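Here is the structure we will look at, set down as structure tokens.
Whatever order the structure lists them in is the order used to number ligands and atoms, beginning at 1. This is a predicted model, so every value here is computed, not measured.
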Amino acid sequence: MTQIETPVETPAADSPTVPYLGVPPTPVVFSRPFRSRRELENLGTVLNSDHVHGDGAFTASATAKVKAITGATDALLTTSCTHALEMASILLDLKPGDEVVIPSFTFSSAAAAIVSRGAVPVFVDIDEAHGNVDVGQLAEAIGPKTKALSVVHYGGVAAEMDDILSIAKEAGLPVIEDNAHGLGGTYRGRSLGTMGTFGTQSFHDTKNVHCGEGGAILVNDPGMMERAEIVREKGTDRSRFLRGQVDKYTWNDQGSSYLLSELNAAVLDSQLEQFEEIQALRHHIWDTYAAELGDWADQQRVRLMSVPDDRDHTAHLFYLSMPTHDDQVELIAHLRAQGISAPFHYVPLDSSPAGQKFGRTLRPLPVTESFSRRLVRLPLWAGLSDEQLERVVDGVTSFRALG
Ligand SMILES: *Cc1c(COP(=O)(O)O)cnc(C)c1O
């Protein structure tokens, strides 16, 4: 999420919201990649073997774990979530002039994957309650050129999937679930990433489980799996060849090299082994924020991230929705002055330079704009100590919102 997390400016020393602290405190970083127990050992195993390229034993093992966590029937590890999204665009045969409806408040890769085929992202607004797509606008934006719907489960809290799936069904459209935040999350008992035609996962080092850079595509339409393997293997049927299903492999289709190296898979497998532990640590932090910040939030007219009862979130992030944009800027500065890194999040894609060039909207998207300009995310990573957690809580509750 690097390119749109614009660094926040250090506040001026005479800013009234910045207390003078004397000795600079040790920083509380926003995110830190998890270190898993077996990753170094696994890397050694790969390096000492004759199989360092993709689709070896660790890929098989990590893929099985991803399937077990999500309940997906078919999954393929990829070099990134961005590439999983690109694979979805190829598999859906998106062509120049086709349209895909997508919320403006999401990560740029989901839109870039549409544009990579010459198709047009049609940006719609979000629902303030959870930052996910506004389903009314999603339905309204469907037109004769629409070829797919693309949604994200923001912060690992499910979008309104029953509505989305019924809209998609009625229009005969596939759904792409960008589940980069939502590994292990659920919606009305169903696993995130398994309800649409495709679900895409990220194992970037800012995500709950990582291997530096990596991803996966959950292929939920069994009829798509054979072609998905080909697209991932440079357009060749090498996967079938390796399984002995064909006696030579050849170039069959569009594609690229979307498969993960065994080195990355070795780290990923080790991380996935500790998935429950990572999630427990993250939920402890999330729950502490929710419990400790409630009174302050009520007094200050701040809205804390909340999760509807019919879905389980993944503790990927915890955000505060401030009353005003000024409150956002000042809280970020207030925390920064105490060595706490608490950034905002997506800049609306419809107003970004590429969004303006390649995409369109039906109308202005005021909720996206406002949500984006009031949101502050707090440090959340497996390994954040209770002492650091307390510092963040104290830092936040010592701030008075202006709104
Ligand atoms: C991180 C992220 C991506 C991109 O993931 P990569 O694995 O870095 O390509 C896509 N969508 C969302 C919502 C993300 O948070």
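- Ring orientation note: the planes of Phe105 and His345 are nearly perpendicular, at an angle over 60° on the 30°/60° scale.
- The closest non-hydrogen atom to atom 13 (C) of ligand 1, taken over Asp178, Thr78, Asn179, comes from Asp178.
- For the side-chain contact (heavy atoms from CB on, under 4.5 Å) criterion with Tyr258, the lone passing option out of Ile90, Thr82, Ile217 is Ile90.
- The closest heavy-atom contact to atom 6 (P) of ligand 1, among the options Ala180, Ser202, Gly182, comes from Ser202.
- For ligand 1, the atoms lying closer than 4.0 Å to a non-hydrogen atom of Gly214 are 7 (O).
- With a heavy-atom cut-off of 4.0 Å, His83 does not touch ligand 1 at all.
- Looking at His283, Glu277, Glu276 one by one, the single match for side-chain contact (heavy atoms from CB on, under 4.5 Å) with Gln279 turns out to be His283.
- For ligand 1, the atoms closer than 4.0 angstrom to any heavy atom of Lys207 are 1 (C), 2 (C), 3 (C), 5 (O), 14 (C), 15 (O).
- In this structure, His181 and Tyr346 have parallel ring planes: the angle between them is below the 30° cut-off, well short of the 60° mark.
- One N or O on the side chain of Asn179 and one on the backbone of Gly182 form a donor-acceptor pair closer than 3.5 Å.
- Arg238 forms a cation-pi arrangement with Tyr249, by the criterion of a distance under 6.0 Å to the ring centre and an angle within 45° of the ring axis.
- Geometrically, ligand 1 and Thr82 share a nitrogen or oxygen pair separated by less than 3.5 Å.
- Of the polar atoms of Phe107, none of the N or O atoms is found under 3.5 Å from an N or O of ligand 1, judged by distance alone.
- Close contacts of ligand 1 with Val152, meaning ligand atoms under 4.0 Å from a residue heavy atom, involve 13 (C).
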message: Working note: His83 + Met87, criterion side chain to side chain contact (heavy atoms under 4.5 Å, CB included); need CA distance, chi angles, decisive distance, verdict.
response: CA-CA 6 Å; His83 280 167; Met87 280 183 64; 5.7 Å; no
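- Taking every non-hydrogen atom of His204 and a distance limit under 4.0 Å, the qualifying atoms of ligand 1 come out as 8 (O).
- Between Tyr319 and Tyr154, the angle of the ring planes lies from 30° to 60°, which puts this pair in the tilted group.
- Remark: ligand 1 atoms within the under-4.0 Å shell around heavy atoms of Tyr346 are 13 (C), 15 (O).
- Atoms of ligand 1 lying under 4.0 Å from any heavy atom of Cys81, numbered from 1 in the order shown and given with element: 4 (C), 5 (O), 6 (P), 7 (O), 9 (O), 10 (C).
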